Engineer: 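Once you've had a glance at the structure underneath, I'll fire off some questions.
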Amino acid sequence: MSPHLRAAKVLPVSFFARPVETVAVELLGTVMVSGVRGAVTAGRIVETEAYLGRDDPASHGYQLRRNARNQSLYGPPGTWYVYLSYGMHWCANLVCQVDGIGAAILVRALEPLEGLERMRKRRGGVEDRLLASGPGRLCQALGVTRTLDGSSMPRSGVSVRAGQLRPDERVEVTRRIGISKAAEWPLRFTVAGSEWVSKGR
DNA sequence: GCGCCGATTGGCT
DNA sequence: GCCAATCGGCGCC
């Protein structure tokens with residue numbers, strides 16, 4: 001890990017113990033770091049999506065539904081909730097707000113920062129713009145799988161470190177992507193104009 | 001127990 | 001633009 005990145009503090013639990021939309025916005029510009037020593041991969045978060053939990057029809061925590069998959073969604077703020085999407089892609093969420101609501105933020109895209117060669121190898125040599133521009137893609141690039149589910153910082157193998165948007169960057173809010181229920185809710189947040197944001201179809 | 005759907009992606013038409 | 005891959009949850013028989 002570069003000295004610069006090592007100097008950035010891992011986000012504390014208090015960062016996540018706030019309204020999910022606030023956290024989703026403030027996660028933009030922070031850095032998701034995976035692995036240790038010579039095997040670090042890291043990327044700057046440029047796209048997030050909020051899922052409100054209990055009262056959000058699109059959330060895995062809708063009506064406080066519980067099953068074997070989503071146990072960690074009801075853990076304390078800062079817990080990783082990682083699940084398998086469409087039977088083949090892992091998606092990483094960070095639990096927020098207060099215990100038991102089921103609110104979480106899906107990390108949807110990263111701007112690759114460190115370990116580019118390792119990411120390219122994991123991603124099978126796709127063009128760099130596609131390395132981590134999607135929730136499934138970024139998990140593959142960072143080697144995130146079920147083993148991360150239920151863990152939390154700073155002990156977990158993946159952490160998020162402090163980072164800011166640049167002065168020329170602003171946050172854009174849009175409807176959510178890839179879902180059918182409550183998709184129109186303005187809960188997707190991106191760094192406006194970033195080439196690393198997922199494209200949708 | 002069975003079949004359908006999904007917070008996705010990559011490949012082909 | 002369309003579709004398959006692939007698996008867990010859930011509704012329904």
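The structure presented is a predicted model; accordingly, all values stated were derived computationally and were not measured. In what follows, chains carry the letters A, B, and so on, assigned in the order in which the sequence lines appear, proteins first and then strands, with residues in each chain numbered from 1.
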Engineer: Who are the side chain to side chain contact (heavy atoms under 4.5 Å, CB included) partners of A:L84, not counting sequence neighbours?
Structural biologist: A:W90
Engineer: Measure from the side chain of A:L106, starting at C-beta and using heavy atoms only, and say which of C:dC7, B:dA7, C:dG9 lies closest.
Structural biologist: B:dA7
Engineer: Ignoring the backbone of A:M88, work out which of B:dT9, C:dC7, C:dT6 is nearest its side chain.
Structural biologist: C:dT6
Engineer: What residues form a side chain to side chain contact (heavy atoms under 4.5 Å, CB included) with A:A58, not counting sequence neighbours?
Structural biologist: A:Y51, A:D56, A:R176, A:I179
Engineer: Let me know, please, whether A:R65 or A:G87 comes out on the 5' side of the other along DNA chain C by nearest nucleotide.
Structural biologist: A:G87
Engineer: Indicate whether OP1 or OP2 belonging to B:dG6 is found under 4.0 Å from a side-chain N or O atom of A:S180.
Structural biologist: yes
Engineer: Please answer whether the main-chain N or O of A:D128 pairs with a side-chain N or O of A:R120 as donor and acceptor at a distance below 3.5 Å.
Structural biologist: no
Engineer: Is A:M88 isolated, or which residues cluster with it under the ILVMFWY side-chain rule of less than 4.5 Å, directly or via members?
Structural biologist: none
Engineer: Please check this pair: side chain of A:N70 against backbone of A:R65, looking for a donor-acceptor N/O pair closer than 3.5 Å.
Structural biologist: yes
Engineer: Go through C:dA5, B:dT9, C:dG9 for me and flag the one nearest to the A:H89 side chain.
Structural biologist: B:dT9
Engineer: NZ of A:K181 versus C1' of C:dC10: gap in Å, rounded?
Structural biologist: 10 Å
Engineer: Between A:V82 and A:R146, which heavy-atom pair has the shortest distance, and what is it?
Structural biologist: O-NH2, 3.9 Å
Engineer: Let me know the distance between CG of A:L138 and P of B:dA7, rounded to the nearest Å.
Structural biologist: 17 Å
Engineer: Given B:dT9, B:dG10, C:dG9, which nucleotide is nearest the side-chain atoms of A:P135?
Structural biologist: B:dT9
Engineer: Rounded to whole angstrom, note down the C1' distance from B:dG10 over to C:dG8.
Structural biologist: 22 Å
Engineer: Side chain of A:N67 only, please: which of C:dC10, B:dT8, B:dG6 is the nearest?
Structural biologist: C:dC10
Engineer: A:R66 side chain N/O closer than 4.0 Å to the phosphate oxygens (OP1, OP2) of C:dG9?
Structural biologist: no
Engineer: In whole angstrom, what separates A:E47's CD from B:dA7's P?
Structural biologist: 16 Å
Engineer: Stacking here means centres under 5.5 Å and planes under 30°; does A:Y86 stack on C:dA5?
Structural biologist: no
Engineer: For A:N67, which residues count as a side-chain hydrogen bond (donor to acceptor under 3.5 Å, both in side chains) partner, sequence neighbours excluded?
Structural biologist: none
Engineer: Can you measure A:W90 atom CH2 to C:dG8 atom P for me and round it to whole angstrom units?
Structural biologist: 9 Å
Engineer: From CZ of A:R146 over to P of C:dG8, roughly how many Å is that when rounded to an integer?
Structural biologist: 8 Å
Engineer: Nearest whole angstrom, please: distance from the P of C:dC7 to the CG of A:D149.
Structural biologist: 18 Å
Engineer: Provide, to the nearest angstrom, the distance between the CG atom belonging to A:L131 and the P atom belonging to B:dT8.
Structural biologist: 19 Å
Engineer: If we take the P atom in both B:dG1 and C:dT6, what is their distance in whole Å?
Structural biologist: 24 Å
Engineer: Taking the minimum atom-to-atom distance to the side chain of A:R123, which one of B:dG10, C:dG9, B:dA7 wins?
Structural biologist: B:dG10
Engineer: What does A:R108 touch in the nucleic acid at a heavy-atom separation under 4.0 angstrom: a base, only the sugar-phosphate, or nothing?
Structural biologist: sugar-phosphate
Engineer: Residues in side chain to side chain contact (heavy atoms under 4.5 Å, CB included) with A:P77, at least two apart?
Structural biologist: A:V13, A:F16, A:A17, A:D99
Engineer: Using whole Å, what does the distance between atom C1' of nucleotide B:dC5 and atom OH of A:Y83 come to?
Structural biologist: 13 Å
Engineer: Just to be sure I understand: a Watson-Crick pair is purine N1 to pyrimidine N3 plus N6-O4 or O6-N4, both under 3.5 Å. Using that and G-U wobbles, which stems of three or more pairs involve DNA chain C?
Structural biologist: B:1-6 with C:7-12, B:8-12 with C:1-5
